Amino acid sequence: MEPFVPKILYEDKHILVAVKPAGWLSEPGGGKSFPDALSVHLQGQGKPGEIFTVHRLDKVVGGVMVFARTGKAAGILTQAIAQRTVEKEYLAVLRGVPAEESATLEDLLFRDASKNKTFVVKRMRKGVRDASLSYWLLGTAEKEGQSLSLVRVALHTGRTHQIRVQFSSRGLPLLGDIRYGSKDKNCETALWSRRLRFMHPATGKPMEFCQRPPTEYPWELFSGMMP
């Protein structure tokens, strides 16, 4: 199978919307340049001007991202994300089946930067932030004796590793997510940024972009169930 490579869904002089492959960085880290960082790849395509990263996906997560092409657009989009007016929707494959077909999950999360890991905690203290998401069960499947669930997730807050840790803390780790309790090493973490909806930073026009995940394990198990 050929590797999944980035593709551009939309661009103008203010924004650029692209699909990040799982396994790629959103942007370089530590002041270094990485050819497999999506922002670097886009810059290397000969796009005039800078590419501003206004939100990120974990390295193991693929899907739709929006970038700004100007500092002004970056400021407007960053503010919109902070004000939670940017709609982010994901698909995830869980190990196990949720007790409820739909629910809103609310937790307090603590980020341990030294371990690059996020934890659900019981009380508010320094470094703890609230986290909220809603999910809908789209279907289930069986693979080698284990039950798997496809869920659609609407993210209300954008905490690091949020979707991964909120489901894992309920005994439903994402398939392939070894860091948060999955034991399946045969796939990348099964989390995909399916849809972004936001107001264009220059025109104010509603913009919406959707992209299905690649047709490979485990996504092909649910090909007929995806929105």
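All figures in this text were calculated on a predicted structure; none of them were measured in a lab. Any value given below was found using the heavy atoms of this structure, including those in side chains, with hydrogens, waters and symmetry copies removed.
Separation of atoms CZ (Arg212) and CG (Leu91) is listed at 9.0 Å; rounding is to 0.5 Å. Atoms OH and CE, on Tyr10 and Met207 in that order, are 4.0 Å from each other to the nearest 0.5 Å. With rounding to the nearest 0.5 angstrom, the NE2 atom of His161 is 5.0 Å from the CZ atom of Arg111. Here the straight-line distance linking atom OG1 of Thr160 with atom CG of Leu109 works out to 9.5 Å at 0.5 Å rounding. Remark: Met226 CE to Trp192 CH2 distance equals 10.0 Å, nearest 0.5 Å. With rounding to the nearest 0.5 angstrom, the OG atom of Ser168 is 10.5 Å from the CG atom of Leu94.
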Check the pair Lys13, Thr70 against side chain to side chain contact (heavy atoms under 4.5 Å, CB included), reporting the backbone distance first and the verdict last.
CA-CA 8 Å; Lys13 63 182 181 180; Thr70 68; over 6 Å; no
From CA spacing to verdict: side chain to side chain contact (heavy atoms under 4.5 Å, CB included), Cys187, Leu175
CA-CA 8 Å; Cys187 67; Leu175 189 70; 3.9 Å; yes
Applying salt bridge (charged side-chain N to carboxylate O under 4.0 Å, His left out) to Arg197 and Glu89, what does each step give before you reach the verdict?
CA-CA 9 Å; Arg197 189 178 190 278; Glu89 182 183 293; over 6 Å; no
Take Phe198 and Phe209, measure what side chain to side chain contact (heavy atoms under 4.5 Å, CB included) needs, and give me the verdict at the end.
CA-CA 9 Å; Phe198 56 91; Phe209 301 92; 3.9 Å; yes
Taking it one step at a time, do Asp177 and Val60 satisfy side chain to side chain contact (heavy atoms under 4.5 Å, CB included)?
CA-CA 9 Å; Asp177 192 2; Val60 297; 5.6 Å; no
Hey, mind stepping through Asp12 and Lys205 against salt bridge (charged side-chain N to carboxylate O under 4.0 Å, His left out) and telling me if it holds?
CA-CA 13 Å; Asp12 60 27; Lys205 176 183 176 182; over 6 Å; no
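In plain terms, the two heavy atoms of Glu188 and Gly23 that are nearest each other are OE2-CA, 4.3 Å. In this structure, Gly71 and Phe52 approach most closely via the heavy-atom pair N-CE1, 3.6 Å. Nearest heavy-atom pair, Phe110 versus Lys126, reported as atom, atom and distance to 0.1 Å: CE1-O, 4.1 Å. Nearest heavy atom pair, residue Val54 against residue Val66, reads CG2-O, 3.5 Å. Here the closest heavy-atom approach between residue Leu133 and residue Gln166 is recorded as CD2-OE1, 3.1 Å. Between Ser182 and Gly176, the shortest heavy-atom distance links the atoms OG-N, 2.9 Å.
No side-chain heavy atom of Thr118 sits under 4.5 Å from any side-chain heavy atom of Gln162. You'll find the side chain of Ser26 stays beyond 4.5 Å of the side chain of Ser39, heavy atoms only. Side-chain atoms of Leu77 and His55, non-hydrogen and from C-beta on, never get closer than 4.5 Å to each other. Inter-residue side-chain proximity for Pro201 and Lys72 is flagged as unmet; no heavy-atom pair is nearer than 4.5 Å. In this structure, the side chains of Leu42 and Ile8 come closer than 4.5 Å at one or more pairs of heavy atoms. Val40 has its side chain within reach of Pro28: a pair of non-hydrogen atoms, C-beta onward, lies under 4.5 Å apart. Side-chain contact check for Pro227 versus Arg194: some heavy-atom pair is nearer than 4.5 Å.
Within a 6.0 Å radius of CZ in Arg129, no more than 12 heavy atoms belonging to other residues, nucleotides or ligands are found. The number of heavy atoms from other shown groups lying within 6.0 Å of CD (Glu220) is above 12. Around the CD atom of Glu87, the shell of radius 6.0 Å holds more than 12 heavy atoms that belong to other residues, nucleotides or ligands.
Taking hydrophobic clusters as Ile, Leu, Val, Met, Phe, Trp and Tyr residues chained together by side-chain heavy-atom distances below 4.5 Å, Val121 does not share a cluster with Ile163. Both Val151 and Val61 belong to a common hydrophobic cluster when Ile, Leu, Val, Met, Phe, Trp and Tyr are linked at side-chain heavy-atom distances under 4.5 angstrom. Leu137 and Phe167 fall within a single hydrophobic cluster, where Ile, Leu, Val, Met, Phe, Trp and Tyr side chains are chained together by heavy-atom contacts under 4.5 Å. In the hydrophobic cluster analysis, where Ile, Leu, Val, Met, Phe, Trp and Tyr join through side-chain heavy atoms closer than 4.5 angstrom, Trp219 is grouped together with Leu221. Leu172 and Trp136 sit in two unconnected hydrophobic clusters of ILVMFWY residues. Membership requires side-chain heavy atoms under 4.5 Å apart, directly or through other members.
A donor-acceptor distance shorter than 3.5 angstrom exists from the side chain of Ser149 to the backbone of Gly96, with no hydrogens or angles considered. Checking side-chain atoms of Gln43 against main-chain N and O of Ile51 turns up a donor-acceptor pair under 3.5 Å. With hydrogens and angles disregarded, a donor-acceptor distance shorter than 3.5 Å links the side chain of Lys20 to the backbone of Lys59. In this structure, the side chain of Arg159 engages the main chain of Asp130 through a donor-acceptor pair within 3.5 Å. With hydrogens and angles ignored, the 3.5 Å screen pairs no side-chain donor or acceptor of Ser132 with any backbone N or O of Glu106.
Relative to the ring axis of Tyr180, Lys117 places its NZ or CZ within 45° and under 6.0 Å from the centre.
Salt bridge annotation for Arg164-Asp58: present, with a cationic side-chain nitrogen under 4.0 angstrom from a carboxylate oxygen.
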